[in-house]
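Keep in mind it's a predicted model, so treat the numbers as computed, not measured. For the single chain, residues carry numbers from 1 onward in sequence order. Both counts, for ligands and for their atoms, begin at 1 and track the order of listing.
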Amino acid sequence: MKHSKVIEVLKSDKLLQPVVVKGWVRSFRNDRFIAINDGSTIHTIQCVLEDDTFDKALTDRITVGAAVTVSGTLVESKGSGQRVEIQANSITIEGDADPEELKLTILSPKKHSLEKLRQQAHLRVRTNTFGAIMRVRSKLSFAIHEYFQKNNFYYVNTPVITGSDAEGAGEAFKVTNFELNKVPTTQEGGIDYSKDFFGRETNLTVSGQLEAETYAMGLGQVYTFGPTFRAENSNTSRHLAEFWMVEPEVAFCDLDGNMDLAEDFIKYVLQYILDNCQDDLEFLEKRLVQEDKSKPQAEREEMLLRDKLKFVLEHNFKRVSYTEAIDILKNSKPNKKKKFKYPINEWGADLQSEHERFLVEKHFKCPVILFDYPAKIKAFYMRLNEDGNTVRAMDILFPGIGEIVGGSQREERLDVLKEKMAALNIPEEELWWYLDTRKFGTCVHSGFGLGFERLVLFVTGMSNIRDVIPYPRTPLNAEF
Ligand code: 4AD
Ligand code: MG
(Lines give C-alpha, C1' and ligand atoms only; values in the text may rest on other atoms or scores of the structure.)
(Ligands and ions follow the chains in the order given, each with its own letter.)
Protein backbone atom coordinates (compact mmCIF):
# COMPACT_ATOMS: atom_id res chain seq x y z
CA MET A 1 0.00 0.00 0.00
CA LYS A 2 1.27 3.45 -0.91
CA HIS A 3 2.05 5.64 2.08
CA SER A 4 0.34 8.97 2.69
CA LYS A 5 1.80 12.27 3.75
CA VAL A 6 1.03 13.31 7.31
CA ILE A 7 -0.52 16.55 6.06
CA GLU A 8 -3.07 14.49 4.08
CA VAL A 9 -3.74 12.02 6.87
CA LEU A 10 -4.46 14.79 9.37
CA LYS A 11 -7.13 16.18 7.05
CA SER A 12 -8.48 12.80 5.99
CA ASP A 13 -12.03 11.71 6.78
CA LYS A 14 -11.41 8.07 5.79
CA LEU A 15 -12.03 6.80 9.31
CA LEU A 16 -11.59 3.07 10.01
CA GLN A 17 -9.66 2.60 6.78
CA PRO A 18 -6.08 1.37 6.43
CA VAL A 19 -3.31 3.96 6.29
CA VAL A 20 0.49 3.92 6.03
CA VAL A 21 2.82 6.76 7.01
CA LYS A 22 6.59 7.09 6.87
CA GLY A 23 8.58 9.63 8.82
CA TRP A 24 10.83 10.35 11.77
CA VAL A 25 10.00 9.81 15.40
CA ARG A 26 9.63 13.05 17.31
CA SER A 27 8.62 11.45 20.60
CA PHE A 28 7.59 8.12 22.08
CA ARG A 29 5.57 8.30 25.30
CA ASN A 30 4.59 5.56 27.75
CA ASP A 31 5.70 2.87 25.30
CA ARG A 32 2.41 3.62 23.49
CA PHE A 33 2.26 6.94 21.68
CA ILE A 34 4.60 7.73 18.78
CA ALA A 35 4.55 11.22 17.29
CA ILE A 36 5.74 11.07 13.70
CA ASN A 37 6.73 14.00 11.54
CA ASP A 38 7.45 13.57 7.85
CA GLY A 39 8.18 17.19 6.95
CA SER A 40 4.95 17.72 5.03
CA THR A 41 3.56 19.86 7.87
CA ILE A 42 4.62 21.23 11.22
CA HIS A 43 2.22 18.80 12.87
CA THR A 44 2.90 15.21 13.86
CA ILE A 45 0.56 12.25 13.53
CA GLN A 46 0.01 10.24 16.68
CA CYS A 47 0.36 6.49 16.26
CA VAL A 48 -1.01 4.37 19.08
CA LEU A 49 0.39 0.95 19.95
CA GLU A 50 -2.06 -1.45 21.57
CA ASP A 51 -0.66 -3.00 24.73
CA ASP A 52 1.59 -6.01 24.24
CA THR A 53 1.09 -6.22 20.50
CA PHE A 54 4.72 -5.38 19.79
CA ASP A 55 7.97 -7.01 20.91
CA LYS A 56 10.16 -5.10 23.30
CA ALA A 57 13.02 -5.66 20.86
CA LEU A 58 11.12 -3.55 18.35
CA THR A 59 9.73 -0.88 20.68
CA ASP A 60 13.24 -0.31 22.08
CA ARG A 61 14.25 0.84 18.65
CA ILE A 62 11.48 3.45 18.44
CA THR A 63 13.65 6.34 19.52
CA VAL A 64 13.67 10.05 18.73
CA GLY A 65 15.10 10.61 15.26
CA ALA A 66 14.55 7.05 13.99
CA ALA A 67 12.93 6.63 10.57
CA VAL A 68 9.85 4.43 10.70
CA THR A 69 6.98 3.09 8.64
CA VAL A 70 3.71 2.67 10.48
CA SER A 71 0.71 0.83 9.04
CA GLY A 72 -2.60 0.81 10.79
CA THR A 73 -6.14 2.11 10.88
CA LEU A 74 -7.17 5.73 10.92
CA VAL A 75 -9.38 6.36 13.93
CA GLU A 76 -10.88 9.28 15.76
CA SER A 77 -8.50 10.30 18.52
CA LYS A 78 -9.57 9.75 22.09
CA GLY A 79 -7.02 12.18 23.40
CA SER A 80 -7.15 15.92 23.08
CA GLY A 81 -4.79 17.75 20.75
CA GLN A 82 -5.58 15.85 17.57
CA ARG A 83 -8.67 14.95 15.60
CA VAL A 84 -7.41 11.63 14.25
CA GLU A 85 -4.69 9.15 15.05
CA ILE A 86 -3.41 5.84 13.71
CA GLN A 87 -4.01 2.60 15.52
CA ALA A 88 -0.80 0.83 14.59
CA ASN A 89 -0.78 -2.78 13.54
CA SER A 90 2.70 -2.93 12.07
CA ILE A 91 5.84 -0.90 12.56
CA THR A 92 9.06 -1.12 10.57
CA ILE A 93 12.22 0.63 11.68
CA GLU A 94 13.71 1.98 8.45
CA GLY A 95 16.69 3.59 10.10
CA ASP A 96 17.73 3.52 13.74
CA ALA A 97 18.96 6.55 15.66
CA ASP A 98 21.28 5.69 18.52
CA PRO A 99 20.03 7.70 21.52
CA GLU A 100 23.55 8.04 22.95
CA GLU A 101 24.89 9.63 19.79
CA LEU A 102 21.74 11.62 19.14
CA LYS A 103 22.03 13.15 22.59
CA LEU A 104 25.05 15.05 21.37
CA THR A 105 23.18 16.63 18.45
CA ILE A 106 20.57 19.34 18.09
CA LEU A 107 17.98 16.58 17.59
CA SER A 108 18.02 15.88 21.31
CA PRO A 109 14.71 17.07 22.70
CA LYS A 110 15.72 20.25 24.49
CA LYS A 111 16.14 23.89 23.57
CA HIS A 112 19.16 24.69 21.41
CA SER A 113 20.40 28.13 20.38
CA LEU A 114 20.10 29.21 16.75
CA GLU A 115 23.90 29.42 16.68
CA LYS A 116 24.16 25.77 17.70
CA LEU A 117 21.59 24.85 15.03
CA ARG A 118 23.72 26.65 12.42
CA GLN A 119 26.67 24.46 13.32
CA GLN A 120 24.52 21.42 12.50
CA ALA A 121 22.75 22.86 9.51
CA HIS A 122 22.39 19.38 8.02
CA LEU A 123 20.10 18.37 10.89
CA ARG A 124 18.29 21.60 11.68
CA VAL A 125 15.58 21.12 9.05
CA ARG A 126 14.25 18.38 11.34
CA THR A 127 13.38 20.93 14.01
CA ASN A 128 9.99 22.64 14.06
CA THR A 129 11.51 26.08 13.51
CA PHE A 130 13.53 25.15 10.44
CA GLY A 131 10.85 22.91 9.00
CA ALA A 132 8.49 25.88 9.16
CA ILE A 133 11.02 28.34 7.68
CA MET A 134 11.93 26.05 4.80
CA ARG A 135 8.32 25.26 3.94
CA VAL A 136 7.54 28.99 3.90
CA ARG A 137 10.62 29.59 1.76
CA SER A 138 9.43 26.98 -0.75
CA LYS A 139 5.92 28.41 -0.88
CA LEU A 140 7.33 31.91 -1.34
CA SER A 141 9.31 30.72 -4.37
CA PHE A 142 6.19 29.25 -5.83
CA ALA A 143 4.19 32.44 -5.17
CA ILE A 144 6.88 34.47 -6.93
CA HIS A 145 6.69 32.31 -10.04
CA GLU A 146 2.90 32.32 -9.88
CA TYR A 147 2.73 36.10 -9.70
CA PHE A 148 4.93 36.64 -12.73
CA GLN A 149 3.47 33.80 -14.78
CA LYS A 150 -0.07 35.06 -14.14
CA ASN A 151 1.00 38.52 -15.27
CA ASN A 152 2.57 37.39 -18.55
CA PHE A 153 6.21 37.59 -17.57
CA TYR A 154 8.63 34.98 -18.94
CA TYR A 155 11.17 33.28 -16.72
CA VAL A 156 14.73 33.58 -18.07
CA ASN A 157 17.83 31.87 -16.76
CA THR A 158 20.70 34.29 -16.93
CA PRO A 159 24.27 32.97 -16.72
CA VAL A 160 25.91 32.24 -13.41
CA ILE A 161 29.39 32.60 -14.91
CA THR A 162 29.84 35.91 -16.65
CA GLY A 163 32.41 38.43 -17.78
CA SER A 164 30.53 41.43 -16.43
CA ASP A 165 30.26 42.94 -12.98
CA ALA A 166 26.81 44.43 -13.42
CA GLU A 167 26.85 46.53 -10.29
CA GLY A 168 30.38 47.75 -10.89
CA ALA A 169 31.08 47.40 -7.20
CA GLY A 170 34.06 45.10 -7.67
CA GLU A 171 32.59 42.48 -5.37
CA ALA A 172 32.51 39.58 -7.81
CA PHE A 173 34.04 36.19 -7.02
CA LYS A 174 36.59 35.27 -9.67
CA VAL A 175 36.13 32.08 -11.69
CA THR A 176 39.26 30.43 -13.04
CA ASN A 177 40.49 27.03 -14.07
CA PHE A 178 44.15 27.95 -13.61
CA GLU A 179 46.23 25.94 -11.22
CA LEU A 180 46.82 28.62 -8.67
CA ASN A 181 50.52 27.93 -8.26
CA LYS A 182 51.10 28.05 -12.05
CA VAL A 183 49.19 31.06 -13.33
CA PRO A 184 50.36 32.01 -16.86
CA THR A 185 51.54 35.57 -17.20
CA THR A 186 51.72 37.97 -20.11
CA GLN A 187 54.94 39.62 -21.30
CA GLU A 188 54.01 42.65 -19.22
CA GLY A 189 53.77 40.44 -16.13
CA GLY A 190 49.98 40.48 -15.82
CA ILE A 191 47.78 37.39 -15.69
CA ASP A 192 47.28 35.85 -19.13
CA TYR A 193 43.56 35.17 -19.09
CA SER A 194 43.61 34.16 -22.76
CA LYS A 195 45.00 30.83 -21.52
CA ASP A 196 42.20 30.35 -18.98
CA PHE A 197 39.17 28.10 -19.57
CA PHE A 198 37.00 30.81 -21.13
CA GLY A 199 39.88 32.68 -22.71
CA ARG A 200 38.97 35.72 -20.69
CA GLU A 201 38.51 36.95 -17.16
CA THR A 202 35.27 35.66 -15.62
CA ASN A 203 33.39 35.83 -12.35
CA LEU A 204 30.23 34.59 -10.64
CA THR A 205 27.28 36.82 -11.39
CA VAL A 206 26.38 39.59 -8.95
CA SER A 207 23.09 40.22 -10.77
CA GLY A 208 21.32 38.89 -13.86
CA GLN A 209 20.03 42.35 -14.70
CA LEU A 210 22.06 43.24 -17.79
CA GLU A 211 21.26 39.96 -19.52
CA ALA A 212 17.61 40.21 -18.36
CA GLU A 213 17.41 43.66 -20.00
CA THR A 214 18.39 42.17 -23.36
CA TYR A 215 15.64 39.58 -22.98
CA ALA A 216 13.03 42.15 -21.99
CA MET A 217 13.79 43.80 -25.34
CA GLY A 218 12.43 40.68 -27.07
CA LEU A 219 10.01 39.00 -24.70
CA GLY A 220 8.61 42.25 -23.34
CA GLN A 221 8.62 41.40 -19.68
CA VAL A 222 10.82 38.83 -18.03
CA TYR A 223 12.11 37.81 -14.62
CA THR A 224 15.11 35.93 -13.35
CA PHE A 225 15.17 34.05 -10.07
CA GLY A 226 18.51 32.55 -9.30
CA PRO A 227 21.59 32.56 -7.11
CA THR A 228 23.86 35.60 -7.07
CA PHE A 229 27.23 35.97 -5.44
CA ARG A 230 28.96 38.84 -3.72
CA ALA A 231 32.39 38.84 -2.18
CA GLU A 232 31.56 41.79 0.04
CA ASN A 233 33.11 41.35 3.43
CA SER A 234 29.98 42.31 5.34
CA ASN A 235 29.52 40.02 8.28
CA THR A 236 26.01 41.21 9.14
CA SER A 237 22.68 39.56 9.80
CA ARG A 238 21.46 40.88 6.40
CA HIS A 239 24.26 39.80 4.04
CA LEU A 240 25.14 36.51 2.41
CA ALA A 241 27.94 35.81 -0.05
CA GLU A 242 25.50 33.59 -1.98
CA PHE A 243 21.89 34.71 -2.07
CA TRP A 244 18.92 34.34 -4.36
CA MET A 245 17.58 37.31 -6.23
CA VAL A 246 14.33 37.88 -8.12
CA GLU A 247 14.82 40.35 -10.96
CA PRO A 248 11.93 41.43 -13.18
CA GLU A 249 12.70 43.62 -16.19
CA VAL A 250 9.97 45.36 -18.17
CA ALA A 251 10.02 47.10 -21.55
CA PHE A 252 7.94 50.27 -21.95
CA CYS A 253 7.80 50.83 -18.19
CA ASP A 254 9.01 53.90 -16.31
CA LEU A 255 9.99 54.31 -12.66
CA ASP A 256 6.41 54.86 -11.47
CA GLY A 257 5.37 51.66 -13.22
CA ASN A 258 8.35 49.92 -11.63
CA MET A 259 7.29 51.03 -8.14
CA ASP A 260 3.72 49.91 -8.80
CA LEU A 261 4.97 46.52 -9.97
CA ALA A 262 7.23 46.01 -6.96
CA GLU A 263 4.51 46.93 -4.49
CA ASP A 264 1.88 44.79 -6.18
CA PHE A 265 4.29 41.87 -6.41
CA ILE A 266 5.34 41.97 -2.77
CA LYS A 267 1.73 42.26 -1.60
CA TYR A 268 0.73 39.30 -3.75
CA VAL A 269 3.34 36.98 -2.30
CA LEU A 270 2.62 38.09 1.28
CA GLN A 271 -1.08 37.40 0.76
CA TYR A 272 -0.21 34.02 -0.72
CA ILE A 273 1.75 33.07 2.41
CA LEU A 274 -1.01 34.27 4.73
CA ASP A 275 -3.45 32.12 2.78
CA ASN A 276 -1.29 29.03 2.33
CA CYS A 277 1.09 28.75 5.29
CA GLN A 278 -1.22 29.30 8.23
CA ASP A 279 0.14 26.52 10.46
CA ASP A 280 3.77 27.43 9.94
CA LEU A 281 3.08 31.14 10.42
CA GLU A 282 1.20 30.44 13.61
CA PHE A 283 4.17 28.46 14.90
CA LEU A 284 6.69 31.12 13.88
CA GLU A 285 4.52 33.83 15.45
CA LYS A 286 4.47 31.98 18.78
CA ARG A 287 8.20 31.37 18.53
CA LEU A 288 8.76 35.11 18.20
CA VAL A 289 6.54 35.88 21.18
CA GLN A 290 8.61 33.41 23.24
CA GLU A 291 11.88 34.86 21.98
CA ASP A 292 10.72 38.39 22.78
CA LYS A 293 10.15 37.49 26.41
CA SER A 294 13.90 37.28 26.90
CA LYS A 295 14.45 40.74 25.37
CA PRO A 296 14.22 44.17 26.98
CA GLN A 297 10.88 45.87 26.33
CA ALA A 298 12.35 48.36 23.85
CA GLU A 299 13.62 45.61 21.55
CA ARG A 300 10.40 43.63 21.42
CA GLU A 301 8.24 43.47 18.31
CA GLU A 302 5.39 45.93 18.31
CA MET A 303 3.16 43.63 16.28
CA LEU A 304 2.53 39.92 16.04
CA LEU A 305 4.03 38.32 12.96
CA ARG A 306 0.81 37.89 10.99
CA ASP A 307 -0.41 41.35 11.97
CA LYS A 308 2.84 42.75 10.61
CA LEU A 309 2.29 41.00 7.27
CA LYS A 310 -1.31 42.23 7.16
CA PHE A 311 -0.17 45.75 8.00
CA VAL A 312 2.07 45.78 4.93
CA LEU A 313 -0.79 44.47 2.80
CA GLU A 314 -3.20 47.11 3.99
CA HIS A 315 -1.01 50.18 3.61
CA ASN A 316 0.41 51.94 0.60
CA PHE A 317 4.17 52.02 0.55
CA LYS A 318 5.25 55.59 1.27
CA ARG A 319 7.05 57.04 -1.77
CA VAL A 320 9.69 59.57 -0.77
CA SER A 321 12.45 61.20 -2.83
CA TYR A 322 16.04 60.87 -1.66
CA THR A 323 16.15 64.66 -1.24
CA GLU A 324 13.14 64.65 1.11
CA ALA A 325 14.65 61.73 3.00
CA ILE A 326 17.91 63.60 3.53
CA ASP A 327 15.98 66.58 4.94
CA ILE A 328 14.13 64.31 7.35
CA LEU A 329 17.35 62.60 8.42
CA LYS A 330 19.30 65.85 8.77
CA ASN A 331 16.69 67.20 11.14
CA SER A 332 16.10 63.95 12.98
CA LYS A 333 16.74 63.53 16.70
CA PRO A 334 19.42 60.82 16.35
CA ASN A 335 21.29 62.98 13.84
CA LYS A 336 21.16 66.07 16.04
CA LYS A 337 22.12 64.06 19.11
CA LYS A 338 24.97 62.46 17.16
CA LYS A 339 23.48 59.00 17.62
CA PHE A 340 24.10 57.92 14.00
CA LYS A 341 27.43 56.23 13.37
CA TYR A 342 27.43 58.03 10.01
CA PRO A 343 26.01 61.53 10.62
CA ILE A 344 23.99 63.03 7.77
CA ASN A 345 25.44 66.44 6.96
CA GLU A 346 24.75 66.97 3.33
CA TRP A 347 22.90 65.96 0.21
CA GLY A 348 24.79 63.22 -1.61
CA ALA A 349 25.53 61.05 1.39
CA ASP A 350 25.04 57.32 0.87
CA LEU A 351 22.35 56.01 3.20
CA GLN A 352 23.46 53.40 5.71
CA SER A 353 21.18 50.80 7.19
CA GLU A 354 20.83 52.87 10.40
CA HIS A 355 19.32 55.68 8.29
CA GLU A 356 17.07 53.39 6.32
CA ARG A 357 15.78 51.80 9.48
CA PHE A 358 15.17 55.17 11.11
CA LEU A 359 13.04 56.24 8.15
CA VAL A 360 11.01 53.04 8.09
CA GLU A 361 10.74 52.12 11.74
CA LYS A 362 10.74 55.46 13.51
CA HIS A 363 9.64 58.12 11.04
CA PHE A 364 7.18 56.67 8.54
CA LYS A 365 6.41 53.42 10.37
CA CYS A 366 5.54 51.65 7.11
CA PRO A 367 7.39 50.33 4.05
CA VAL A 368 9.07 53.18 2.17
CA ILE A 369 10.14 53.54 -1.45
CA LEU A 370 13.00 56.00 -1.78
CA PHE A 371 13.59 57.29 -5.29
CA ASP A 372 15.70 59.74 -7.34
CA TYR A 373 19.05 59.12 -5.69
CA PRO A 374 22.24 61.04 -6.46
CA ALA A 375 23.81 59.60 -9.61
CA LYS A 376 27.17 59.42 -7.83
CA ILE A 377 26.13 56.73 -5.37
CA LYS A 378 24.27 54.51 -7.85
CA ALA A 379 25.20 52.15 -10.70
CA PHE A 380 26.00 53.30 -14.25
CA TYR A 381 22.87 51.92 -15.92
CA MET A 382 20.33 54.08 -14.10
CA ARG A 383 18.51 56.75 -16.05
CA LEU A 384 19.79 60.25 -15.53
CA ASN A 385 17.14 62.81 -14.57
CA GLU A 386 16.81 66.20 -16.27
CA ASP A 387 18.59 67.82 -13.30
CA GLY A 388 21.78 66.02 -14.34
CA ASN A 389 22.44 65.06 -10.69
CA THR A 390 19.96 62.39 -9.80
CA VAL A 391 18.98 59.07 -11.33
CA ARG A 392 15.68 57.25 -11.55
CA ALA A 393 16.62 54.76 -8.86
CA MET A 394 14.38 53.26 -6.23
CA ASP A 395 15.06 51.27 -3.08
CA ILE A 396 12.30 49.67 -1.04
CA LEU A 397 12.92 49.70 2.69
CA PHE A 398 11.15 47.33 5.07
CA PRO A 399 10.75 47.44 8.84
CA GLY A 400 13.29 45.24 10.60
CA ILE A 401 15.07 44.55 7.31
CA GLY A 402 16.15 47.80 5.69
CA GLU A 403 16.66 47.52 1.94
CA ILE A 404 14.70 44.64 0.44
CA VAL A 405 14.52 45.86 -3.16
CA GLY A 406 16.89 47.87 -5.34
CA GLY A 407 15.89 48.91 -8.84
CA SER A 408 15.65 51.67 -11.39
CA GLN A 409 14.48 52.94 -14.72
CA ARG A 410 17.34 52.12 -17.07
CA GLU A 411 19.29 54.60 -19.17
CA GLU A 412 17.86 53.91 -22.61
CA ARG A 413 19.68 56.73 -24.44
CA LEU A 414 22.83 55.42 -26.12
CA ASP A 415 24.78 58.68 -25.92
CA VAL A 416 24.03 59.29 -22.23
CA LEU A 417 24.82 55.68 -21.36
CA LYS A 418 28.18 55.88 -23.16
CA GLU A 419 29.04 59.08 -21.31
CA LYS A 420 28.26 57.49 -17.98
CA MET A 421 30.33 54.43 -18.79
CA ALA A 422 33.24 56.57 -19.88
CA ALA A 423 33.07 58.57 -16.66
CA LEU A 424 33.31 55.32 -14.66
CA ASN A 425 36.01 53.78 -16.88
CA ILE A 426 33.76 50.94 -18.02
CA PRO A 427 35.13 49.88 -21.44
CA GLU A 428 32.54 49.88 -24.24
CA GLU A 429 34.11 46.71 -25.71
CA GLU A 430 33.13 44.78 -22.61
CA LEU A 431 29.45 45.72 -22.83
CA TRP A 432 29.06 45.96 -26.61
CA TRP A 433 26.08 43.62 -26.47
CA TYR A 434 24.41 45.75 -23.78
CA LEU A 435 24.95 48.88 -25.86
CA ASP A 436 23.43 47.12 -28.89
CA THR A 437 20.04 47.09 -27.13
CA ARG A 438 20.21 50.92 -27.14
CA LYS A 439 20.99 50.94 -30.85
CA PHE A 440 18.23 48.69 -32.11
CA GLY A 441 14.80 49.70 -30.93
CA THR A 442 15.71 51.11 -27.55
CA CYS A 443 12.84 52.02 -25.26
CA VAL A 444 12.00 53.21 -21.78
CA HIS A 445 12.40 50.21 -19.49
CA SER A 446 12.76 49.40 -15.83
CA GLY A 447 13.36 46.60 -13.37
CA PHE A 448 14.39 45.75 -9.87
CA GLY A 449 16.03 43.08 -7.75
CA LEU A 450 14.46 41.66 -4.63
CA GLY A 451 16.73 39.83 -2.21
CA PHE A 452 14.86 36.58 -1.68
CA GLU A 453 16.36 35.80 1.73
CA ARG A 454 15.50 39.26 2.99
CA LEU A 455 11.90 38.57 2.01
CA VAL A 456 12.02 35.20 3.80
CA LEU A 457 13.43 37.00 6.86
CA PHE A 458 10.53 39.40 6.86
CA VAL A 459 7.87 36.74 6.39
CA THR A 460 9.22 34.32 9.00
CA GLY A 461 10.19 36.97 11.54
CA MET A 462 13.66 35.49 11.86
CA SER A 463 16.42 37.97 12.59
CA ASN A 464 19.52 36.43 11.02
CA ILE A 465 19.73 35.82 7.28
CA ARG A 466 21.83 32.68 7.99
CA ASP A 467 18.65 31.07 9.32
CA VAL A 468 16.50 31.40 6.22
CA ILE A 469 18.70 29.65 3.65
CA PRO A 470 19.61 25.95 4.00
CA TYR A 471 23.38 26.37 3.85
CA PRO A 472 24.50 29.97 4.33
CA ARG A 473 27.70 31.18 2.68
CA THR A 474 29.33 34.00 4.62
CA PRO A 475 32.90 35.22 5.12
CA LEU A 476 34.99 32.34 6.56
CA ASN A 477 32.09 29.92 6.31
CA ALA A 478 31.28 27.45 3.55
CA GLU A 479 30.74 24.25 5.53
CA PHE A 480 28.41 21.61 4.05
O1 4AD B 1 20.51 46.66 -4.74
P2 4AD B 1 21.16 45.54 -5.48
O3 4AD B 1 22.64 45.46 -5.44
O4 4AD B 1 20.63 45.66 -6.97
C5 4AD B 1 21.01 44.94 -8.05
O6 4AD B 1 21.78 44.01 -8.03
C7 4AD B 1 20.27 45.30 -9.29
N8 4AD B 1 21.06 44.86 -10.45
C9 4AD B 1 18.92 44.69 -9.28
C10 4AD B 1 18.09 45.02 -10.49
O11 4AD B 1 17.75 46.16 -10.68
N12 4AD B 1 17.76 44.05 -11.32
O13 4AD B 1 20.57 44.16 -4.95
C14 4AD B 1 19.20 43.91 -5.00
C15 4AD B 1 18.70 43.32 -3.69
C16 4AD B 1 18.93 44.20 -2.47
O17 4AD B 1 17.91 45.15 -2.35
C18 4AD B 1 18.91 43.18 -1.35
O19 4AD B 1 17.59 42.86 -1.00
C20 4AD B 1 19.54 41.99 -1.99
O21 4AD B 1 19.44 42.13 -3.39
N22 4AD B 1 20.96 41.85 -1.64
C23 4AD B 1 21.45 40.95 -0.78
N24 4AD B 1 20.83 39.99 -0.06
C25 4AD B 1 21.59 39.21 0.73
N26 4AD B 1 22.94 39.32 0.81
C27 4AD B 1 23.60 40.26 0.10
N28 4AD B 1 24.92 40.34 0.18
C29 4AD B 1 22.85 41.12 -0.74
N30 4AD B 1 23.18 42.14 -1.57
C31 4AD B 1 22.01 42.56 -2.11
MG1 MG C 1 21.00 48.18 -3.47
Side-chain angles (χ1 to χ4, degrees), residues 137 140 144 148 153 156 158 162 164-173 204-216 221-250 253 255 258-259 261-262 265-266 322 350-353 355-356 360 367-371 373-374 377-383 391-398 400-411 431 434 445-459 462 464-469 472-475 477:
R137 182 180 165 111
L140 262 177
I144 287 166
F148 288 119
F153 283 68
V156 298
T158 48
T162 153
S164 76
D165 171 3
E167 293 304 297
E171 290 166 342
F173 282 100
L204 294 179
T205 185
V206 294
S207 159
Q209 178 197 322
L210 304 192
E211 291 90 347
E213 278 187 56
T214 65
Y215 262 63
Q221 32 186 30
V222 299
Y223 68 105
T224 72
F225 185 4
T228 44
F229 308 86
R230 297 199 184 173
E232 52 192 336
N233 207 354
S234 326
N235 228 328
T236 78
S237 58
R238 302 282 177 274
H239 288 87
L240 289 165
E242 175 179 304
F243 63 99
W244 286 64
M245 189 159 33
V246 183
E247 296 182 274
E249 196 64 40
V250 187
C253 175
L255 191 69
N258 203 26
M259 294 192 220
L261 173 68
F265 160 62
I266 292 175
Y322 167 91
D350 203 354
L351 300 185
Q352 305 296 326
S353 99
H355 309 129
E356 297 176 341
V360 178
V368 174
I369 311 185
L370 288 187
F371 62 92
Y373 281 77
I377 58 172
K378 288 290 184 188
F380 76 96
Y381 51 70
M382 298 190 180
R383 195 184 195 282
V391 286
R392 301 247 76 191
M394 65 156 193
D395 276 4
I396 302 186
L397 315 179
F398 257 44
I401 305 286
E403 180 190 335
I404 192 163
V405 161
S408 69
Q409 185 174 321
R410 316 307 188 189
E411 184 54 76
L431 289 179
Y434 187 68
H445 65 288
S446 303
F448 62 82
L450 169 128
F452 183 53
E453 284 74 20
R454 293 196 185 171
L455 179 66
V456 184
L457 266 183
F458 184 72
V459 173
M462 298 303 290
N464 192 321
I465 200 161
R466 292 166 179 80
D467 296 331
V468 297
I469 185 165
R473 283 4 184 171
T474 51
N477 176 32

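Counting heavy atoms closer than 4.0 Å to ligand 1, residue Arg238 contributes backbone atoms (N, CA, C, O) but none from C-beta onward. Only the side chain of Glu247 comes within contact range of ligand 1, with a heavy atom under 4.0 Å; no backbone atom does. Residue contacts with ligand 1, taken as heavy atom pairs separated by less than 4.0 Å, involve Glu403 via backbone and side-chain atoms alike. Only the backbone of Phe448 comes within 4.0 Å of ligand 1, judged by heavy-atom distances.
Among the atoms of Arg410, some N or O lies under 3.5 angstrom from an N or O of ligand 1. Close N/O approach between Gly407 and ligand 1 is not found [any backbone or side-chain N/O within under 3.5 Å]. For Leu240, a nitrogen or oxygen atom sits less than 3.5 Å from a nitrogen or oxygen atom of ligand 1, counting backbone and side chain alike. Among the atoms of Met245, none of the N or O lies under 3.5 angstrom from an N or O of ligand 1.
In summary, the atoms of ligand 1 found under 4.0 Å from a heavy atom of Gly406, numbered by their order in the structure, are 1 (O), 9 (C), 10 (C), 11 (O), 17 (O). Taking a cut-off of under 4.0 Å to the non-hydrogen atoms of Val405, the atoms of ligand 1 that pass are 17 (O). The contact set between ligand 1 and Gly451, taken as ligand atoms under 4.0 Å from a residue heavy atom, comprises 15 (C), 19 (O), 20 (C), 21 (O). When each atom of ligand 1 is checked for a heavy atom of Ser207 under 4.0 Å away, the hits are 6 (O), 8 (N). Interface atoms of ligand 1 facing Tyr381, defined by a heavy-atom separation under 4.0 Å, are 7 (C), 8 (N).
In terms of protein heavy-atom proximity, atom 28 (N) of ligand 1 is closest to Glu232 OE2, 2.7 Å. Protein heavy atom at the shortest distance from atom 7 (C) of ligand 1 is Glu167 OE2, 3.3 Å. Counting only heavy atoms of the protein, atom 19 (O) of ligand 1 lies nearest to Ile404 O, 2.9 Å. For atom 22 (N) of ligand 1, the closest heavy atom belonging to the protein is Phe243 CE1, 3.4 Å. Of all protein heavy atoms, the one lying nearest to atom 6 (O) of ligand 1 is Arg230 NH2, 2.8 Å. Nearest protein heavy-atom contact of atom 15 (C) of ligand 1 is Gly449 O, 3.6 Å.
Between Phe448 and Phe265, the two ring planes are tilted [angle within 30° to 60°].
By the 4.5 Å heavy-atom criterion applied to side chains, Tyr215 and Glu249 are not counted as neighbours. Put simply, the side chain of Ile266 reaches to within 4.5 Å of the side chain of Phe398, judged on heavy atoms.
A donor atom on one side chain and an acceptor atom on the other are not found under 3.5 Å apart for Tyr381 and Glu213.
Assignment of Arg454 to the shell around ligand 1 is supported, since a heavy atom sits closer than 4.0 Å.
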Checklist entry - Going through the checks in order, is the side-chain contact (heavy atoms from CB on, under 4.5 Å) test met by Glu453 and His239? => result CA-CA 9 Å; Glu453 284 74 20; His239 288 87; over 6 Å; no

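Among the atoms of Asp395, no N, O or S atom falls under 2.8 Å of the Mg ion (ligand 2).
Closest to the Mg ion (ligand 2) among the N, O or S atoms of Glu403 is OE2.
Nearest heavy atom pair, residue Thr162 against residue Leu204, reads CG2-C, 4.3 Å. What you find for Asn258 and Ser408 is that their closest heavy atoms are ND2-O, 3.5 Å.
Dense packing is recorded around CZ of Phe153, with more than 12 heavy atoms of other residues, nucleotides or ligands lying under 6.0 Å away.
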